[in-house]
Participant: 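What follows is a structure written as structure tokens; I'll ask about it next.
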Amino acid sequence: MAQTIITLYTRKRCSLCEKAKQTILELKEDWNFTLDEIDIDESDELTETYGIMIPVVLIDGEEVGFGIINKIDISKRLQGKLKNF
């Protein structure tokens with residue numbers, strides 16, 4: 001089975017982004033995944049796409065949350081991902 005990748009689109013000085021990252025890191029205690037954190041300010045295209053939505057969380061390329069990130073929602077998405085394998 002391929003390693004699950006959680007992508008977190010974020011930017012500096014974003015309190016919601018910091019909370020989202022902490023939530024995702026807490027999930028690492030129960031789930032095996034790689035966290036890929038991307039600063040949208042490093043790309044005009046990403047800033048245009050996600051500027052007012054951040055933080056944005058993707059699991060294996062599928063958007064699963066934005067704004068206030070809920071630990072239970074992300075955990076359920078991870079669980080659903082594993083059931084599909």
Participant: Looking just at side-chain N and O atoms, do Ser75 and Trp31 make a donor-acceptor pair shorter than 3.5 Å?
Facilitator: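 Note: Ser75 and Trp31 side chains meet the donor-acceptor criterion.
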Participant: Sequence neighbours left out, what passes salt bridge (Lys or Arg N to Asp or Glu O under 4.0 Å) with Glu62? Give chain and number order.
Facilitator: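 With neighbours one apart ignored, the set is Arg77.
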Participant: Taking all non-hydrogen atoms of both residues into account, name the closest pair between Arg11 and Thr47 and its distance.
Facilitator: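 Looking at all heavy atoms of both residues, the closest pair is NH2-CG2, 3.8 Å.
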Participant: For Lys12, is there an ion pair with Asp41 - N to carboxylate O distance below 4.0 angstrom?
Facilitator: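 Salt bridge between Asp41 and Lys12, a charged N being under 4.0 Å from a carboxylate O: no.
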Participant: Rounded to the nearest 0.5 Å, what separates atom CG in Leu35 from atom CG in Leu8?
Facilitator: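 Leu35 atom CG to Leu8 atom CG measures 6.0 Å (nearest 0.5 Å).
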Participant: Minimum heavy-atom separation for Asp73 and Asn70, please, with both atom names.
Facilitator: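 So the minimum-distance heavy-atom pair works out to N-OD1, 3.0 Å.
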Participant: Ile54 and Cys14: which non-hydrogen atoms are nearest, and at how many Å?
Facilitator: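 Result for this residue pair: CD1-SG, 4.0 Å.
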Participant: Assess whether side chain to side chain contact (heavy atoms under 4.5 Å, CB included) is satisfied between Thr4 and Thr34, documenting all intermediate values.
Facilitator: CA-CA 6 Å; Thr4 298; Thr34 299; over 6 Å; no
Participant: What distance separates Ile38 CD1 from Asp36 CG, expressed to the nearest 0.5 Å?
Facilitator: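 The CG atom of Asp36 is 4.5 Å from CD1 of Ile38, to the nearest 0.5 Å.
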Participant: Taking atom CG of Asp30 as the centre, report whether more than 12 heavy atoms of other residues, nucleotides or ligands fall under 6.0 Å from it.
Facilitator: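 Result for CG/Asp30: enclosed.
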Participant: With distance as the sole test, does Asp60 use its side chain to make a donor-acceptor pair with the main-chain N or O of Ile5 at under 3.5 Å?
Facilitator: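 Yes, the answer is positive, given that a donor and an acceptor are paired below the 3.5 Å cut-off.
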Participant: Show the numbers, then the answer: is there a side chain to side chain contact (heavy atoms under 4.5 Å, CB included) between Leu58 and Tyr9?
Facilitator: CA-CA 8 Å; Leu58 284 69; Tyr9 287 104; 3.6 Å; yes
Participant: Could you tell me if the side chain of Gln3 sits less than 4.5 Å from the side chain of Asn32, heavy atoms only?
Facilitator: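 Of all side-chain heavy-atom pairs linking Gln3 with Asn32, at least one is under 4.5 Å.
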Participant: Counting N and O atoms only, with roles assigned by atom type, does the side chain of Lys71 sit under 3.5 Å from a partner on the main chain of Glu26, one being a donor and the other an acceptor?
Facilitator: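 No, because the side chain of Lys71 does not come within donor-acceptor range (under 3.5 Å) of the backbone of Glu26.
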Participant: Using a cut-off of 6.0 Å, state whether more than 12 heavy atoms not belonging to Ile68 lie near its atom CD1.
Facilitator: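 Counting neighbours around CD1 of Ile68, 12 or fewer heavy atoms of other residues, nucleotides or ligands fall under 6.0 Å, so no.
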Participant: After noting the C-alpha distance and the side-chain angles of Ile24 and Val57, does the key distance pass the side chain to side chain contact (heavy atoms under 4.5 Å, CB included) rule?
Facilitator: CA-CA 9 Å; Ile24 292 168; Val57 176; 3.9 Å; yes
Participant: For a quick test of reading the model, state the closest non-hydrogen atom pair linking Phe66 to Met53 and the distance between them.
Facilitator: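 Where Phe66 meets Met53 most closely, the heavy atoms are CB-O, 3.5 Å.
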Participant: Does NZ in Lys76 sit with more than 12 non-hydrogen atoms of other residues, nucleotides or ligands closer than 6.0 Å?
Facilitator: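 No, NZ of Lys76 has 12 or fewer neighbouring heavy atoms, counting only those of other groups under 6.0 Å.
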Participant: Report the C-alpha separation of Tyr50 and Glu63 in whole Å, then their side-chain angles, then the decisive distance to 0.1 Å, and conclude whether the side chain to side chain contact (heavy atoms under 4.5 Å, CB included) test is met.
Facilitator: CA-CA 11 Å; Tyr50 297 115; Glu63 186 179 307; 4.2 Å; yes
Participant: What is the distance from atom CD1 of Ile40 to atom SG of Cys17, rounded to the nearest 0.5 Å?
Facilitator: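 It is 7.5 Å, given to the nearest 0.5 Å.
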Participant: Would you give the length of the straight line joining atom CD1 of Ile6 to atom CG of Leu27, rounded to the nearest 0.5 angstrom?
Facilitator: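 CG of Leu27 is found 6.5 Å from CD1 of Ile6.
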Participant: Consider only side-chain heavy atoms of I, L, V, M, F, W and Y, link residues closer than 4.5 Å, and tell whether Leu16 and Val56 are in one cluster.
Facilitator: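 No, no single cluster joins them.
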Participant: Just verifying a value: how many Å separate Thr49 OG1 and Glu45 CD, rounded to the nearest 0.5 Å?
Facilitator: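 Between atom OG1 of Thr49 and atom CD of Glu45 there are 5.5 Å.
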Participant: Listing request: all disulfide (SG to SG under 2.5 Å) pairs with a residue in residues 38-73, at least two apart in sequence or in separate chains.
Facilitator: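 Listed once each, the pairs would be none.
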